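Step one of this worksheet: look at the structure below.
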Amino acid sequence: MRNVDITLLLTLDALLTEGSVTAAADRLNLSVPATSRRLAHLRDLTHDELFVLAGRKLVPTARALDLRDRVQSILEELHALFTPNVVSFETLNRTFSLRTSDGFIGAWSAELAARIRREAPHVKLCFYPHWEGVEALRDRSIDLEITVLKHTGPEVFKQKLFQDHYVGIAAAGHPLAAQHQVSPNDYVRYGHVSASRRGQAHGPIDHALAALGLSRDVSIVAPDFQSAISAVAASDLLGAVPASFAKWAQQSIRLHVFPLPVPTPGIEISQAWHPRSHGDVAHRWLRNHVRAMFT
DNA sequence: GCTGCTCCATACCAGACCCC
DNA sequence: GGGGTCTGGTATGGAGCAGC
């Protein structure tokens, strides 16, 4: 490798951000020709055009787009490396964006916020509903993802928080509330509420029931756990939610919680973040607080 | 179609730095 | 100290676009 220095990375980052040699030059406090020459050097190093002219606009090639995240990560790691590793949490004024399920928000957000406030009274937590994909981490829309993470890809750091499992729920006055144990036959005798943000009525519970030659009647598909609990509490329908969320919901809603009569896969809740945030002192502090709630 | 503006690329020159 | 290399600036040309 020859003649690769930080200035070239800064130039590539500026070009990717601005989409223009002129704007990148302005951002870098360089002349346009000097920036153009750095682009030529980058082209020579990568054996790729990196940017091609489309009319008067400069359009990034696939190779340039592929390099975007890696360049940003390297630059932010370098920035973190040379930034004093000290943050005053008493005066830290920052908003962290977290994407998670309504179940986590309901069960854990208050405790997390209380922990944060004790050390950093000016820090705010902004929660967003969970959705698939790591793009939001990549494009900085969110700082931290907390949910069931199966396919995050290699570009995302992941840490397990806790293991949860599904439990059955029914309204407090439901006939099943009087039973010591709920059998599979008891379970399918009533209508059900399924919680699925994808609108799916059936899942692992139905597969387990099918193995016994049984099936349940799903009357309502709710978009989240909170809606499912509300529907269950106001009807004779049965639902299934994570045990941690059911326990929290019982504090404000009269619910009967019971073990599901069929085995279901466990739920591994994790937190995930982009490598660019890995060295961020404040971000690490937030991750440690999230982790500490479950240890 | 002409003109002016904007943007990118290149040629040429100057200054800084390194090596012998 | 002199030559080579690298980087940045100015000057300039070509191309695309908008307004007339």
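All figures in this text were calculated on a predicted structure; none of them were measured in a lab. Naming: A, B, ... by sequence-line order, numbering from 1 per chain.
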For A:Phe51 and B:dC7, what is the distance between atoms CZ and P respectively, to the nearest whole Å?
16 Å
Among B:dA11, B:dC7, B:dA9, which nucleotide sits nearest the side chain of A:Val21?
B:dA9
Are A:Tyr187 and A:Ile205 side-chain neighbours, meaning at least one heavy-atom pair lies under 4.5 Å?
yes
Do you know the tightest heavy-atom contact between A:Leu16 and A:Pro60?
CD2-CB, 4.4 Å
Is it true that A:Glu119 and A:Arg115 make a salt bridge, defined as a side-chain N closer than 4.0 Å to a carboxylate O?
no
Closest approach of A:Thr61 and A:Phe51, non-hydrogen atoms and distance?
CG2-N, 4.0 Å
Assess whether one donor atom and one acceptor atom, taken from the side chain of A:Arg38 and the base of C:dG8, lie less than 3.5 Å apart.
no
Please figure out whether A:Arg37 or A:Leu58 has its closest DNA chain B nucleotide nearer the 5' end.
A:Leu58
Going by number, which of residues 25-36 of chain A have a non-hydrogen atom under 4.0 Å from DNA chain C?
A:Leu30, A:Ser31, A:Pro33, A:Ala34
Is A:Asp48 close to A:Arg43 at the side-chain level, that is, under 4.5 Å between some pair of heavy atoms?
no
Take atom CG of A:Leu39 and atom C1' of B:dC7, then tell me their distance rounded to the nearest Å.
13 Å
Smallest heavy-atom separation, A:Ser235 atom then A:Ala171 atom, equals O-CB, 3.6 Å
Value in whole Å for how far the P atom of C:dT5 lies from NE2 of A:His41:
14 Å
Rounded to whole Å, the CG-P distance (A:Leu15 to B:dC7) equals 14 Å
Tell me: CG of A:Leu8 to P of C:dC6, nearest whole Å?
12 Å
Strictly below 4.0 Å: does A:Arg43 bring a side-chain N or O up to OP1 or OP2 of B:dA9?
yes
